[in-house]
Amino acid sequence: MIEIDHISKTFGPITAVDDVSFNVAKGEVLGFLGPNGAGKSTTMKMITGFLPPSSGTARVAGFDVRRDPIAVKRRVGYLPEGAPMWPDMTAEAFLAFIARVRGFGGADAETRIATAIRRTQLADVLQQPIETLSKGFKRRLGLAQALLHDPEVLILDEPTDGLDPNQKHEVRELIRSMAGTKAIIISTHILEEVEAVCSRAIIIAAGRIVADETPAGLAARSRRHNGVLLATRTPDKVRAVLKSLPDVAEVTSEGDGRLFAGAKNGASIITQVSTALREADAEIEQITVEQGRLDEVFREITTRQPAHA
Amino acid sequence: MHNVVTVFRREMASYFATPVAYVFIVIFLALNGVMTFYVGNFFERNQADLAAFFSFHPWLYLFLIPALSMRLWAEERRTGTIELSMTLPLTAGQLVIGKFLAAWAFTGIALALTFPIWLTVNYLGDPDNGAILAAYLGSLLMAGGFLAVGSFVSALTKNQVIAFVIAATLCFFLVAMGSTIVLTVLGELASGNVADFLRSLSVMNHFSDISKGVVDFRDAVYFAALICLFLFLNVVAIDRLKAA
Ligand SMILES: Nc1ncnc2c1ncn2[C@@H]1O[C@H](COP(=O)(O)OP(=O)(O)OP(=O)(O)O)[C@@H](O)[C@H]1O
Ligand SMILES: [Mg+2]
């Protein structure tokens, strides 16, 4: 549905996006991650036809954004970074305008506007000028605008930025509910969000793709993947037992009598650990297997890459 | 066309959603009154026409029109709404024309609200109303020309003050290009054919007949060409500079 074909963007001496290629199929929710300034927003601006690529191109539903930008824009719902909107319009007038631009009139427009309002829970602020909306409501209005025409492709730049925890949850539910019928790209700095809604994650750093995997696959790259976290009153004894095991790479103390046993090469060590502890008659209050932490993998991947010119 | 109308309606509504419309109209009417009655000696002239009224329009538009046009694109670029505009299924041409037409229609409203002065001459004497209508149309055309210039300049910058100053300067040149002052300053550079050429391109040259109520086809073409040229440049500027 979305094909990114060797796309690059330079701003004078700065290379913001450097030969990025990937496809997103219908049914996929792609989490687009990367440190500040990595080139996420720039990539999205090129897919949506706002910025012309310096080289390469993007296609949406087969339409090339350089040759047929209007066809692409019709099929895409886009929430730009920061959700820019005309401050003097009311929320309702704004959605009415979007509906008209999208070619809906009369009853059809009204149902679509009503649906978008319901899905983003905007009913209370419809008569307010946009400049008086709080950050979260503004973001939701931007989302309503992107969803209004029920597009095949959704591109959302930090859709949950500024939302309260309840709204974050609602928006994630919303994205999940639409996932089956659309190709969706969301950029975010919230890694739990990636685990919650994305079927795939791409990490870019300094304009280049450095990882492209499922969230679980990414987490599995973590040093902590399949490691065992224990809480005990006798840490010294437990530490000795753990250290003697062949598949335990390291044992670290995490404070409060908690110990972490890392797995060698990410192997499953829980059976080994529990058997050994039972045999040693160690007192364990809590034991959990870790899946790995995305933030750690993220840090590892995005700092390892040398900055390129 | 449908899209141009949609953009037009949004823009038009935004004039009246902010104090811009009211401030502009009040100042426009007040200045017109002052110019016509005090500076132009409307009564002392003792003639039933509106020449005193129209002859000031180039100078009035010189700074009022840039004040109106400065926000057209500079504001969209500064607040980032241009990213929304340009990722909706609208072309740069539709946006430029929609915005321009809204600003133009708005100027038309302000101009139409000067009708009491027309009522006044009709009450006092027996003017040539055809000539007055022609002069109104000419004035509107001139406003359109200035607006196109201002809209283009506004697309070049994110800063409304800069947009205002540059647009006012350009409009001043358009007005004064054929005047003796400018030709004298240019001196040798603008003698003979060059001077004639500059004079033929100046707004004054084309508006002076119009303000007397004579609308020559060539004058109309001049303003239409001015509008088309700058709107075209406006589209090019938007396409190239939108993200800068
Ligand atoms: N108009 C521009 N002119 C010059 N440089 C730009 C422009 N837009 C973006 N850049 C540069 O391109 C790089 C990528 O920016 P981009 O906004 O895509 O990052 P991002 O991944 O979205 O970051 P963030 O997480 O902070 O939103 C940055 O170095 C930025 O300074
Ligand atoms: Mg960004």
Side-chain angles (χ1 to χ4, degrees), chain A residues 9 11-12 16 41-42 44-53 60 63 65 68-90 92-105 109 129-131 141-142 145-146 148-149 151 153 155 157, chain B residues 1-24 68 71-99 102-103 106 155 158 160 235-244:
Chain A
K9 181 74 191 177
F11 296 104
S41 300
T42 306
M44 291 179 153
K45 285 173 207 224
M46 289 193 285
I47 304 172
T48 52
F50 181 59
L51 280 181
V60 169
F63 294 98
V65 70
D68 209 346
I70 296 294
V72 170
K73 290 167 188 181
R74 282 211 183 95
R75 287 166 177 79
V76 173
Y78 177 40
L79 174 69
E81 186 168 37
M85 288 173 287
W86 298 281
D88 47 45
M89 288 183 108
T90 64
E92 190 171 42
F94 174 72
L95 290 178
F97 167 73
I98 298 291
R100 269 199 298 274
V101 169
R102 295 285 183 191
F104 306 116
I130 292 172
E131 62 192 336
L141 183 58
Q145 165 273 127
L148 193 103
H149 57 303
V153 168
I155 298 185
D157 203 345
Chain B
M1 192 58 208
H2 169 264
N3 285 341
V4 171
V5 173
T6 306
V7 174
F8 176 92
R9 286 173 58 179
R10 198 203 75 72
E11 286 287 313
M12 204 56 171
S14 97
Y15 286 114
F16 292 96
T18 57
V20 171
Y22 307 100
V23 170
F24 184 89
L68 197 63
R71 53 174 282 283
L72 285 180
W73 291 99
E75 193 177 36
E76 292 239 356
R77 286 183 54 184
R78 194 181 49 77
T79 60
T81 48
I82 191 167
E83 186 170 355
L84 186 59
S85 299
M86 301 290 296
T87 50
L88 290 170
L90 299 169
T91 64
Q94 290 165 346
L95 286 161
V96 165
I97 294 172
K99 272 173 176 286
F106 176 72
K158 283 180 191 167
Q160 298 195 33
V235 171
V236 174
I238 288 302
D239 266 335
R240 316 209 93 208
L241 298 173
K242 58 193 175 188

- Looking only at heavy atoms, the pair that brings Asn3(B) and Val101(A) closest together is OD1-O, 4.1 Å
- Interface check, chain A: of Asp239(B), Thr81(B), Thr91(B), most non-hydrogen pairs under 4.5 Å belong to Thr81(B)
- Query: Does any non-hydrogen side-chain atom of Arg10(B) lie less than 4.5 Å from one of Arg100(A)?
  - Reply: no
- Supply the atom-to-atom distance Ile98(A) CD1 to Leu84(B) CG, rounded to the nearest 0.5 angstrom. 5.0 Å
- Which bit of Thr79(B) comes within less than 4.5 Å of chain A, counting heavy atoms only: side chain, backbone, both or neither? backbone
- Query: Do Lys45(A) and Thr87(B) have side-chain heavy atoms sitting under 4.5 Å apart?
  - Reply: no
- Message: Quick one, Lys73(A) and Leu88(B) - any side-chain contact, counting heavy atoms below 4.5 Å?
- Response: no
- Shortest non-hydrogen contact from Pro89(B) toward Arg102(A): CD-NH1, 3.3 Å
- Task: Could you look at Met85(A) and say if it's the side chain, the backbone, both or neither that has a heavy atom under 4.5 Å from chain B?
- Result: both
- Message: Heavy-atom cut-off 4.5 Å, strictly under: side chain, backbone, both or neither for Glu76(B) against chain A?
- Response: side chain
- Determine whether Phe50(A) and Ile82(B) make a side-chain contact, defined as any pair of heavy atoms from C-beta on separated by less than 4.5 Å. yes
- Item | Nearest-0.5 Å distance that lies between atom CD in Glu11(B) and atom CH2 in Trp86(A) | 8.5 Å
- Note on the structure: Closest non-hydrogen contact found for Ser14(B) with Asp88(A) is CB-OD1, 3.7 Å
- Message: Between Glu83(B) and Glu81(A), is there a side-chain heavy-atom distance shorter than 4.5 Å?
- Response: no
